[in-house]
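When reading the values below, keep in mind they use all heavy atoms of this one structure, side chains included, and skip hydrogens, waters and symmetry mates. Lettering of chains follows the sequences in order, A, B, ..., and the numbering in each one begins at 1. Just so you know, these numbers come straight off a predicted model, no measurement behind them.
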Amino acid sequence: MAEMKFQLPRGTQDIYGEDVSLWQKMEEIIYRQCELYGYKEIRTPIFEHTEVFVGENDSSDMVNKEMYTFKDKSQRDLSLRPEGTKGAIRAFVEHKMYGNADMPVKLFYMGPMFRYDRPGKGRYRQFNQFGIEAIGAKSPLLDVETIALGYAIVKAMGIDNVVILINSLGDDESRANYTKALKSHFAPYLKEFCSDCQRRYQQNPLRMLDCKIDKGHQGFTSAPKCRDYLNEESKAYFATVLKGLDDLKIPYKVDDSLVRGLDYYTNTVYEAVPKDDDGQQATVFAGGQYDGLVDTFGGGQLSGVGFGMGMERMIALAKEQKGLVVEEEKIDVYLISLGNISTYGAKIIELLRSNGIKAEMDYQKRSLKAQFKSADRYKAKVIIVAGENEYDNNTVQIKDTVDKTQENVRFEEIVDKVKSIIC
RNA sequence: GUGGUUGUGGUGAAGUUGGUUAACACUCUGGAUUGUGGCUCCAGCAUUCGCGGGUUCGAGUCCCGUCAAUCACCCCA
C-alpha cells in the first residue's frame, strides 16, 4: 500500500458516517421551521467581491487577518464569505427584492463560511452557518419573531437549556449619546486599562464593555448603562421586544454589556447561550436589528433584523444532551449469494429496490458465514439465499430473521413474499 | 497571533534508563462447520510508530524542523 500522502488542511473537517445523519436531521429541522415562519432560502455565492464584506468601520483585525482574500486571474479582489448577512443583503439590493409587495422579505441561508482563525473547540476555518434575515420592515415584533424562530430550532434539536441574552443599543441618536457618555466616563481611567481597551476607546468604545481583563475595574462597574441613554422611542421599542419574549415564554436575560462585535447593529441585539455555561465560547445563535446596513449597499433606508447560527456548535450541544436521536440504520433484505450464479443476485437486488425495498448484497464472494455476519450487521429483516440450485430453478430461499422460518420462493413471488414479512 | 499537551494498525491503546520478533482488547478475514449467522476454538491482518532531517553500532523511545489535533488565552462580523 502506498503511504498516505494527504491530511486535511488546518481547520477543516470531513463529515461522514453517523455525523452525516445528525447534520441531515438538523437541516430538516431548519427547513421545516423556516417554512413555518415564512423564511425562504437564498443561496448566495461562496465568494464575493471583498468590498461586500468590508464595512466602513470593521476593525482591521477581521478584515486583514481573518478573511480568505485572493485575487482571481483577472485581478479581481475576492473573498470567501466569512458570514451570511452581507451576501444576503447584497442580493436583496441587487435583485431589488424591495419591490416585493410583502415586506419584510424573509430569507434564510445555510452553508459553509470561512475565517482564517486558529482552530479551537468547535471552531473551524471552514464552518457552517445557518442564518435568517428579515429585510424591509422595522418592528419589535419582527425582532421577537427572529428570536422565536431561532429558539424553536434549538428546541427542536433537543437542546433545552438555552437562554437569550438581550440588550438594546437604541437608535442612531441614542447610540451616539451613549457613546459620548462612555467616552467621557472612561477618559480618566484610560491609562489603567489594557491595550485592547485603549484601542477600542478610539475605534468603538461600546466594545470595551466586552473586555474580560478590565471587567472588574471600578471604572467599569460604575460605567453608564446603555439603557439609560435610550430615547423614548427606543425605550418603548425595547420594552415591546421584552414583552413579546415574555408572552412567548422564551427565557431571556437583559445584559447591559452585550454589544456584539459589529457596528451595524441598532436597537435589539441578542445572543443565545447555554444556561450553565459561563457565557464563554458557547454562543448558539446571535444577531440583532440593523437600521443602516441596507443603505450601505445602496438599498435605501430599510431596516432589517436577523441572526447567524453556528451549526457545528448546535451539533455538539445536541450530542452532549443526546437531544437528536438518529434511528439506527436498518435494511429490509440482505441477499446472500453462493457459488456461480452469474448476475442472478444483482437481478434480485434491483427487483427489490425498484419495489421500494432496501436491499444489500455481498460483492466479494465471501464465505456464507461472512455474508450472514453482514446481514446481522445491517440488521436485515429478511435474508435471501441464492445459490446454484436456486439459480437453476429460478427460485430463492427467503428467511425471516425474526421467527427464523425459511421457504423456497419462485422469482416472481419474491417481492410479495418479502413485503408480507417486513410489513 | 501567544502558551501548554499530544500524534503508535480499521478502533481503543501498551511500549520501562535508546537494544534487535511493536503487548493486549475490539473489529475484520479465513478455517473448524465444502449451503444456513449471532456462541466457542484456531489462525491471519502495522516491512513500521504523523511527516522530514539529525545524534548513535543501534531510535517508537533522544534532538531539530514541519504538519495536524487538542486545551487555555486573543478574536469571534
Side-chain angles (χ1 to χ4, degrees), chain A residues 1 3-13 17 52-67 79 81-89 113-125 127 129 131 194-197 199-200 204 207 210-213 259-265 269 271 278-283 285-288 290 293 296 306-308 310 312-313 334 336-341 362 364-380 383-391 396-401 404-408:
Chain A
M1 199 172 12
E3 64 184 274
M4 189 183 64
K5 286 187 179 135
F6 302 110
Q7 261 178 303
L8 282 167
R10 180 156 227 209
T12 62
Q13 59 180 333
V52 169
F53 303 120
V54 183
E56 296 156 45
N57 303 315
D58 288 352
S59 64
S60 53
D61 260 22
M62 288 199 298
V63 175
N64 295 336
K65 289 189 188 162
E66 292 173 18
M67 277 218 296
S79 291
R81 60 182 189 188
E83 50 127 345
T85 300
K86 302 282 181 61
I89 292 186
M113 308 289 166
F114 305 83
R115 292 180 195 172
Y116 193 84
D117 269 350
R118 182 152 181 184
K121 184 175 191 172
R123 294 182 74 177
Y124 298 90
R125 289 182 172 180
F127 58 100
Q129 267 195 351
C194 71
S195 56
D196 283 330
C197 280
R199 181 177 50 83
R200 289 175 187 136
N204 183 2
R207 207 74 179 87
D210 268 353
C211 185
K212 284 167 190 99
I213 299 170
V259 294
R260 304 258 58 233
L262 206 55
D263 310 337
Y264 56 65
Y265 286 114
V269 290
E271 189 164 324
D278 307 328
Q280 231 188 352
Q281 312 263 335
T283 302
F285 67 91
Y290 41 84
L293 189 60
T296 66
F307 67 74
E312 278 78 5
R313 200 158 284 169
Y334 189 88
I336 290 175
S337 56
L338 295 167
N340 185 12
I341 60 165
D362 174 75
Q364 304 170 86
K365 288 194 174 353
R366 284 138 80 223
S367 69
L368 180 69
K369 180 173 173 174
Q371 295 192 56
F372 265 109
K373 279 192 165 181
S374 282
D376 289 338
R377 258 179 259 128
Y378 277 116
K379 298 187 172 62
I383 292 173
I384 295 182
V385 180
E388 288 169 2
N389 297 340
E390 288 80 9
Y391 178 46
V396 295
Q397 299 294 325
I398 292 188
K399 182 165 188 169
D400 182 332
T401 59
K404 299 199 161 49
T405 55
Q406 177 169 331
E407 65 183 279
N408 200 340

Novice: What's the gap between B/U21 and B/G58 when it is taken at their C1' atoms, as a whole Å value?
Specialist: 16 Å
Novice: Would you say the side-chain atoms of A/R81 pair up with the backbone N or O of A/M113, donor to acceptor, closer than 3.5 Å?
Specialist: no
Novice: Looking only at atom P, what distance separates B/C74 and B/U61, rounded to whole Å?
Specialist: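 My reading of the P atoms in B/C74 and B/U61 gives 36 Å.
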Novice: For A/I336, report the nucleic acid contact type (base, sugar-phosphate, nothing); a contact means any heavy atom under 4.0 Å.
Specialist: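 Answer is nothing: A/I336 stays at 4.0 Å or more from every strand.
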Novice: For B/C49 and B/G54, measure between their P atoms and round to the nearest Å.
Specialist: 15 Å
Novice: In whole Å, I'd like the distance from the CZ atom of A/R81 to the P atom of B/A77.
Specialist: 17 Å
Novice: Is A/R366 touching bases, backbone alone, or none of the nucleic acid, heavy atoms closer than 4.0 Å?
Specialist: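 Sugar-phosphate only.
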Novice: Of the nucleotides B/C71, B/G35, B/A77, which has the atom closest to the A/L338 side chain?
Specialist: B/G35
Novice: Taking the P atom of each, how far is B/A25 from B/A43, in whole Å?
Specialist: 12 Å
Novice: Please report the interatomic distance CD(A/E83) to CE(A/M67), rounded to the nearest 0.5 Å.
Specialist: 9.5 Å
Novice: Whom does B/C28 pair with, Watson-Crick or G-U wobble, provided both distances fall under 3.5 Å?
Specialist: B/G44
Novice: For A/K379, which contact category applies under a 4.0 Å heavy-atom criterion: base, sugar-phosphate, or nothing?
Specialist: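 Nothing: the residue A/K379, judged by heavy atoms under 4.0 Å, touches no strand.
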Novice: For the side chain of A/Q406 and the base of B/U36, is some donor closer than 3.5 Å to an acceptor across the two?
Specialist: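 Pair found.
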Novice: Rounded to whole angstroms, how far apart are CG on A/D362 and P on B/U29?
Specialist: 10 Å
Novice: Only pairs with both distances under 3.5 Å count, Watson-Crick or wobble alike; so what is the partner of B/U34 in this structure?
Specialist: none
Novice: Does B/U20 have a Watson-Crick or wobble partner in any strand here, with both distances under 3.5 angstrom, and which is it?
Specialist: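 None - no nucleotide pairs with B/U20, as no candidate has both distances under 3.5 Å.
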Novice: Distance check needed: B/C76 P versus A/D117 CG, whole Å only.
Specialist: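 My rounded result for the distance is 10 Å.
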Novice: Expressed as a whole number of angstroms, how long is the span from A/F127:CZ to B/C76:C1'?
Specialist: 9 Å
Novice: Nearest whole Å is fine: how far is B/U34 C1' from A/K369 NZ?
Specialist: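 So the two atoms are 14 Å apart, to the nearest Å.
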Novice: Paired with B/U61 by Watson-Crick or G-U wobble geometry, both distances under 3.5 Å: which nucleotide is it?
Specialist: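 Partner of B/U61: none found under 3.5 Å.
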Novice: When you measure only distances, ignoring hydrogens and angles, does the side chain of A/R118 come within 3.5 Å of the base of B/G3 through a donor and an acceptor?
Specialist: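 Counting by modelled atom types and ignoring angles, a donor-acceptor contact under 3.5 Å is found here.
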Novice: Round to a whole Å and report the spacing from CD of A/Q364 to C1' of B/G30.
Specialist: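 Rounded to whole Å, this separation is 13 Å.
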Novice: Could you tell me the separation between the CD atom of A/Q7 and the P atom of B/A69, rounded to a whole number of Å?
Specialist: 8 Å
Novice: Could you tell me the separation between the CD atom of A/Q364 and the OG atom of A/S374, rounded to the nearest 0.5 Å?
Specialist: 8.0 Å
Novice: Within the pair A/R377 and B/G38, is there a side-chain N or O less than 4.0 Å away from OP1 or OP2?
Specialist: no
Novice: Less than 4.0 angstrom between a side-chain N/O of A/T85 and OP1 or OP2 of B/A77, yes or no?
Specialist: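 So the side-chain polar atoms of A/T85 never come under 4.0 Å of the phosphate oxygens OP1 or OP2 of B/A77.
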Novice: Measure CD/A/E390 against P/B/U36 and give the value in whole Å, please.
Specialist: 12 Å
Novice: Using a heavy-atom cut-off of 4.0 Å across all strands, would you classify A/G310 as base, sugar-phosphate, or nothing?
Specialist: nothing
Novice: Cation-pi check for A/Y116 against A/R125: NZ or CZ below 6.0 Å from the six-membered ring centre and within 45 degrees of the axis, yes or no?
Specialist: yes
Novice: Closest-nucleotide mapping onto RNA chain B: is A/K365 or A/A380 further toward the 5' terminus? I mean the 5' end.
Specialist: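 By nearest-heavy-atom nucleotide position, the 5'-most residue is A/K365.
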Novice: Report yes or no: is there a donor-acceptor pair, N or O only, under 3.5 Å between the side chain of A/K399 and the base of B/U36?
Specialist: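 By the distance-only test, yes, there is a pair.
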Novice: If B/G1 has a Watson-Crick or G-U wobble mate with both distances under 3.5 Å, name it; if not, just say none.
Specialist: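 Result: B/C73.
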Novice: If every non-hydrogen atom of A/G11 is compared with every non-hydrogen atom of A/P119, which pair is closest and at what distance?
Specialist: CA-CG, 3.8 Å
Novice: Could you give the distance separating B/U5 and B/G52 at their P atoms, to the nearest angstrom?
Specialist: 24 Å
Novice: In Å, rounded to the nearest 0.5 Å, how long is the span from CD1 of A/I89 to OG1 of A/T296?
Specialist: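 That separation rounds to 7.0 Å.
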Novice: Which nucleotide, B/G35, B/G30, B/C71, lies nearest any side-chain atom of A/K121?
Specialist: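 Of the options given, the side chain of A/K121 lies nearest B/C71.
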Novice: Write down the distance separating the P atoms in B/A14 and B/A59, rounded off to the nearest Å.
Specialist: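 About 24 Å, rounded to a whole number of Å.
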Novice: Between A/R10 and A/F372, which is nearer to the 5' end of RNA chain B once each is assigned its nearest nucleotide?
Specialist: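 Closest to the 5' end, via its nearest nucleotide, is A/F372.
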Novice: How many angstroms lie between NZ in A/K404 and CD in A/Q406, if you round to the nearest 0.5 Å?
Specialist: 12.0 Å
Novice: Consider the side chain of A/A370, meaning its heavy atoms from C-beta on, and name the nucleotide among B/G35, B/G38, B/U29 that approaches it most closely.
Specialist: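 The closest nucleotide is B/U29.
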Novice: How far, in whole Å, is B/A77 from B/U66 if one measures between their C1' atoms?
Specialist: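 Approximately 33 Å lies between the C1' atom of B/U66 and that of B/A77.
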Novice: Counting N and O atoms only, with roles assigned by atom type, does the side chain of A/R313 sit under 3.5 Å from a partner on the main chain of A/T283, one being a donor and the other an acceptor?
Specialist: yes
Novice: How far does the P atom of B/C64 sit from the matching atom of B/C24, given to the nearest Å?
Specialist: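 These two P atoms come out 34 Å apart once rounded.
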